[in-house]
Structures are given as C-alpha cells and as structure tokens.
Amino acid sequence: MKGVVVLLILSLCLTLSGAQGEGDQAGTSLSYCVPDTCSFIRELAVLKEKLGTMDQKLVAVETRLQASVSQVDELKSTNKAQEEELKTLKKDIAAGQPKVAFSAALRTSGSGNIGPFTTDIPLQYKRVFSNFGSGYNPATGVFTAMVKGVYYFRYTMFYSGNANAVVSLRKNSQMLVSSWDVGSGPAQDFASNAAVVELEVGDSVYAQLSANREVFEDGGNYNTFSGFLLFPM
C-alpha cells in the first residue's frame, strides 16, 4: 500500500513538473507554485507515516492504561476486604472476649496410687500447666465458670495393678460422661473421655474418682484434666 502511495506521489510530481515546463513556455507563474506543491505532497506522506506510528503508540498506551485500571480496581477490592477484617478485629478487641483455658495433672512429684477412698471425691490435679482466667482451683480440683458460655472439657485416667478405676466428669454433681475398668488380676490400662457443655456463671465442673476406686500416677502425667471456653454467650 505504501508503494502505491509513493508511485502516485512521483507520478503527480512528474505531471506537475511537465505542467511547469509548459507554464514556463507560456510565461505563466506556475514555475513558482508547482515545486511547492510536490514538496507539500511529500510532507503529507511523511506526516501520514508519523501518524501511523503515533497511532500504534497510542494503542500501546491504551492497553497499559487498561491494565493499570484493572490493577487499581483489584487493589481497591483488596483494601476494602482488609478494612472489613480490621473492623471485625477492632470489634472483638472492644468486646474484650475473655480467654479461659486450663490444664493440669495429678501429682507435682512422686508416684503411687491415689485412692481408694470411702466416698466419691473430686480428683485434685495439683500440677498446673496453665490456668488462663484462673477458673481452675488445684486445691479442690474444681473448675468454676466465671463467664457464661460453651466449654470443652477432657480428662484422662490410668491405673496400674488390679483393675479398679472409675472416673466421671461432673457438672454441679451431675454426671456428664465416665470411664471405668474393673476386673481381677494385675493390669495396666488407660482411658479418657470428654464433653462440650454450656455453663452459667458459678457452675462447677470436675473429674470425680468413685468410692473404693483408684488411679496411678507418676512423672509421666497419665491422669490429666483440661478445659477451655469455646465461645461466650
């Protein structure tokens, strides 16, 4: 296409040049106009080429601009999501959601059986690993809820010797779950149980050793009692 344009321009220039010769013979003023016209046509051809190059550059700029707009929109969306998360976090902090969790084992030192006793008793887990919120009392073995909510509790039970162990998880003296193993002859065994329970402020939860039963403990910390607040209500 460009070759055709060039040929047309050359043809026009030759034609105009011929006209110039005739004009000179006729004594007209075309000798002053025709060279300017050919120069103007050549400048138009150059300008057209430059315009084509500029058009390509504009297309490239438009493409980059569209990509930038997409990136800006994506950043706006990300910032909006982060702002929402920050608002939620601020609400949680402002609400002051309580942190309640504890974990403990039976002995701080030594080894041997605990029990049997003539009555049912709460096991006193004296080796405290954690006690966030101070709800657990190692002197009594009882956890007392200071926050109304839903809690998770778990205990483990181990005995060594004659199979004679029965332990249950209790809420305000009401049995929730239990573990037991009784039989004849020496043996070693392990059991555990757990429950999720709703508590009011002042409710108590503990692991109870049944009357005339026993568990064994040493530095291995086989018997444990743990619990934590899942969510307040």
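Owing to the predicted nature of the structure, the values given are computational and were not obtained by experimental measurement.
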- prompt: Is R64 close to V61 at the side-chain level, that is, under 4.5 Å between some pair of heavy atoms?
  reply: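 Yes, at least one pair of side-chain atoms sits under 4.5 Å.
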Looking at [X] and [Y], what are the two nearest heavy atoms and their distance?
| X | Y | answer |
| --- | --- | --- |
| E214 | P116 | OE1-CD, 3.4 Å |
| V128 | Y125 | CG2-O, 4.3 Å |
| A195 | V177 | CB-CG1, 4.4 Å |

- request: Could you note down all residue pairs passing side-chain hydrogen bond (donor to acceptor under 3.5 Å, both in side chains) where residues 135-148 supplies at least one of them, sequence neighbours left out?
  value: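 Output for this query is empty, none listed.
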query: For the side chain of E217 and the backbone of I114, is there at least one donor-acceptor N/O pair under 3.5 Å apart?
result: no
- prompt: Between the main-chain N or O of G220 and the side-chain N or O of D218, is there a donor-acceptor pair closer than 3.5 Å?
  reply: yes
query: Would you call the rings of F102 and F153 parallel, tilted or perpendicular, where under 30° means parallel and over 60° means perpendicular?
result: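 It falls in the tilted class, 30° to 60°.
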task: Applying side chain to side chain donor-acceptor pair (under 3.5 Å), name anything that partners S210, two or more places apart in sequence or on another chain.
output: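 Once residues adjacent in sequence are excluded, S210 has no partner under the side chain to side chain donor-acceptor pair (under 3.5 Å) criterion.
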message: Tell me whether F143 shares a hydrophobic cluster with V197, the cluster being built from Ile, Leu, Val, Met, Phe, Trp, Tyr side chains joined at under 4.5 Å.
response: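 Looking at the clustering, V197 is in the same group as F143.
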field: Common cluster, F129/V142, ILVMFWY with side-chain heavy-atom separation under 4.5 Å
entry: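 Different clusters.
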Other members of the hydrophobic cluster containing [X], with the 4.5 Å side-chain heavy-atom rule, please.
| X | result |
| --- | --- |
| V59 | none |
| L58 | none |
| Y222 | F158, F190, F216 |
| V46 | none |

Member of V215, V166, T119 meeting the side chain to side chain contact (heavy atoms under 4.5 Å, CB included) criterion with L209: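 Of V215, V166, T119, side chain to side chain contact (heavy atoms under 4.5 Å, CB included) with L209 is met by V215 alone.
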Extract all donor-acceptor atom pairs below 3.5 Å that involve side chains of residues 224-233 and protein atoms in other chains or at least two apart in sequence.
{"residue": "T224", "atom": "OG1", "partner": "T156", "partner atom": "OG1", "Å": "2.9"}
{"residue": "S226", "atom": "OG", "partner": "S103", "partner atom": "OG", "Å": "2.9"}

Mind checking the [atom1]-[atom2] spacing from [X] to [Y]? Nearest 0.5 Å is all I need.
| X | Y | atom1 | atom2 | answer |
| --- | --- | --- | --- | --- |
| Q174 | L169 | CD | CG | 10.5 Å |
| M54 | L47 | CE | CG | 9.0 Å |
| T63 | L65 | OG1 | CG | 9.5 Å |

Could you tabulate the donor-acceptor pairs under 3.5 Å formed by side-chain atoms of residues 198-206, not counting sequence neighbours?
{"residue": "D203", "atom": "OD1", "partner": "N172", "partner atom": "ND2", "Å": "3.0"}
{"residue": "D203", "atom": "OD2", "partner": "E200", "partner atom": "N", "Å": "2.8"}
{"residue": "S204", "atom": "OG", "partner": "N172", "partner atom": "OD1", "Å": "3.1"}

query: How would you list all residue pairs meeting salt bridge (charged side-chain N to carboxylate O under 4.0 Å, His left out) that involve residues 118-147, not counting sequence neighbours?
result: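 Checked against salt bridge (charged side-chain N to carboxylate O under 4.0 Å, His left out) - neighbours excluded - no pair reaches residues 118-147.
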- request: Using side chain to side chain contact (heavy atoms under 4.5 Å, CB included) as the criterion, list what pairs up with S179, not counting sequence neighbours.
  value: Y155, M157, A191, N193
- prompt: Listed by chain and number, what are the side chain to side chain contact (heavy atoms under 4.5 Å, CB included) partners of F132, not counting sequence neighbours?
  reply: A101, S130
